[in-house]
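Let me begin by presenting the structure, written as structure tokens, before commenting on it.
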Amino acid sequence: QVQLVESGGGLVQAGGSLRLSCAASGRTFSTYYMGWFRQAPGKEREFVAGINWSGGSTYYADSVKGRFTISRDNAKNTVYLQMNSLKPEDTAAYYCAADRTVVAGWTPSGMDYWGKGTLVTVSS
């Protein structure tokens, strides 16, 4: 069982930056793939970024490549999402998720555990 708690969301102007954090409970954090997803009002939840258990491999949606960076600190049981050059279309609730294998790919239905989300609002 893994419990996830996101933080770091807020209101920022277009072009600005935010760093999201996701704190995980449990001693097995380092064995999980971790991902960030987002859901805008009226839209489906979508993949944003993912990272493997060691942090050696990262994955990004095309819409955030070059602007967002995912990282993890296994000693602190925490995964981060650094978001730069934010755009109004990045406005959404951002969720942290964990999965042992991501054999189904980085899809919402394939993730085992979810946080409750943190809201990011980018004003134009």
Side-chain angles (χ1 to χ4, degrees):
Q1 188 79 10
V2 177
Q3 293 183 326
L4 306 171
V5 179
E6 302 94 336
S7 61
L11 174 63
V12 63
Q13 288 188 335
S17 298
L18 280 175
R19 188 176 82 152
L20 305 183
S21 299
C22 172
S25 65
R27 295 177 292 177
T28 59
F29 173 76
S30 62
T31 65
Y32 282 85
Y33 286 76
M34 299 298 297
W36 286 96
F37 293 76
R38 67 186 180 187
Q39 188 167 17
K43 294 189 177 182
E44 294 186 351
R45 192 167 298 189
E46 65 176 3
F47 169 72
V48 174
I51 191 166
N52 75 337
W53 63 273
S54 69
S57 295
T58 56
Y59 313 85
Y60 296 96
D62 288 342
S63 58
V64 306
K65 278 181 183 176
R67 300 189 298 123
F68 290 11
T69 302
I70 188 171
S71 61
R72 69 188 296 161
D73 185 338
N74 287 340
K76 294 182 178 180
N77 279 16
T78 302
V79 62
Y80 305 97
L81 184 68
Q82 178 66 44
M83 306 186 295
N84 298 330
S85 302
L86 283 162
K87 305 175 181 179
E89 50 264 44
D90 294 319
T91 295
Y94 282 71
Y95 299 88
C96 176
D99 190 73
R100 287 278 194 183
T101 63
V102 295
V103 290
W106 292 101
T107 59
S109 60
M111 306 304 288
D112 287 336
Y113 301 103
W114 291 89
K116 294 185 177 180
T118 186
L119 185 61
V120 172
T121 303
V122 184
S123 63
S124 57

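Only this structure's heavy atoms are used, side chains among them; waters, hydrogens and symmetry mates stay out. Each residue takes its place number in the sequence, starting with 1.
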Open item on the list: Can you list everything that forms a side-chain contact (heavy atoms from CB on, under 4.5 Å) with T101? Sequence neighbours excluded, please.
Closed with: D99, V103
Task: Sequence neighbours excluded - disulfide (SG to SG under 2.5 Å) pairs with any residue from residues 76-124 - done: C22-C96
- [ ] Output all residues satisfying side-chain contact (heavy atoms from CB on, under 4.5 Å) with A49, sequence neighbours left out; order by chain, then residue number.
- [x] Y60, I70, L81
TODO: Sequence neighbours left out, what passes side-chain hydrogen bond (donor to acceptor under 3.5 Å, both in side chains) with Y33? Give chain and number order.
DONE: none
Open item on the list: Quick test of your reading: applying ring pair (Phe, Tyr, Trp, His ring centres under 6.0 Å), list the pairs with at least one residue in residues 71-102, sequence neighbours left out, ordered by first then second residue.
Closed with: none
- [ ] Can you tell me which residue pairs pass the side chain to side chain donor-acceptor pair (under 3.5 Å) test with a partner in residues 9-20, sequence neighbours excluded?
- [x] S17-N84
Open item on the list: Taking salt bridge (charged side-chain N to carboxylate O under 4.0 Å, His left out) as the cut-off, I'd like each qualifying pair that reaches into residues 37-60, sequence neighbours left out, listed once.
Closed with: R38-E46, R38-D90
Open item on the list: Just to verify, what does F37 make a ring-ring contact (aromatic ring centres under 6.0 Å, His included) with, not counting sequence neighbours?
Closed with: F47, W114
Open item on the list: Please list all pairs meeting side chain to side chain donor-acceptor pair (under 3.5 Å) that have one or both residues in residues 115-124, counting only residues at least two apart or in different chains.
Closed with: none
Task: With T107 via side-chain contact (heavy atoms from CB on, under 4.5 Å) - residues at least two apart - done: A104, S109
- [ ] Kindly write out the residues that satisfy side-chain contact (heavy atoms from CB on, under 4.5 Å) with S25, not counting sequence neighbours, or none if the list is empty.
- [x] Q3
Open item on the list: Per the disulfide (SG to SG under 2.5 Å) rule, what does the pair list look like for residues 25-88, sequence neighbours excluded?
Closed with: none
